[in-house]
Amino acid sequence: IAEEAVVLFFFAVLLHSRLALLGRGYGTKRASILMLVSWLGPVVAFIYGFHLSYQVYVLQLDVILASVGLGSLMLEAVLIAALGLVLADNL
């Protein structure tokens with residue numbers, strides 16, 4: 001259970017930092033900060049995979065929730081890229 005608590009802590013810190021960087025990037029209209037947020041996306045995907053691979057008994061619900069999380073991560077990456085393109089054209 002300590003391993004899951006450590007993974008959850010790292011996931012929460014990473015999610016908080018991504019949200020703070022997204023807010024700062026959108027507020028300052030800088031595409032470079034948004035690129036940094038998109039580089040943190042694969043780290044989140046790794047945490048999803050790490051969490052699933054080290055479980056002894058994986059429920060179908062865990063797989064579905066991880067798939068939803070990865071799908072929302074991909075949608076977020078596409079939206080960040082679109083916003084970065086808009087901001088890059090405005091500069």
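Below, all heavy atoms of this structure are taken into account, side chains as well, without hydrogens, waters or symmetry copies.
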List, one per line, each side-chain donor-acceptor pair under 3.5 Å for residues 66-75, sequence neighbours excluded.
residue: S67; atom: OG; partner: V63; partner atom: O; Å: 2.8
residue: S72; atom: OG; partner: V68; partner atom: O; Å: 3.3
residue: S72; atom: OG; partner: G69; partner atom: O; Å: 2.8

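Paired with L83 under the rule side chain to side chain contact (heavy atoms under 4.5 Å, CB included), one option of L34, V78, L22 passes, and it is L34.
When hydrophobic clusters are built by joining Ile, Leu, Val, Met, Phe, Trp and Tyr residues whose side-chain heavy atoms come closer than 4.5 Å, directly or via intermediates, V43 is grouped together with L21. A single hydrophobic cluster is not seen to contain both W39 and L19; linkage of ILVMFWY side chains at heavy-atom distances under 4.5 Å, directly or through other members, places them apart. Taken together through direct or relayed side-chain contacts under 4.5 Å among Ile, Leu, Val, Met, Phe, Trp and Tyr, L65 and Y48 form parts of separate hydrophobic clusters.
The hydrophobic cluster around F9 extends to V6, F10, V13, counting ILVMFWY residues whose side-chain heavy atoms fall within less than 4.5 Å of a member.
For the atom pair L15 CG and I47 CD1, the distance stands at 9.5 Å (nearest 0.5 Å).
Residues satisfying the side chain to side chain contact (heavy atoms under 4.5 Å, CB included) criterion with S17, sequence neighbours excluded, are L14, L40.
Side-chain contact between R18 and V44 is present, with heavy atoms from C-beta onward closer than 4.5 Å.
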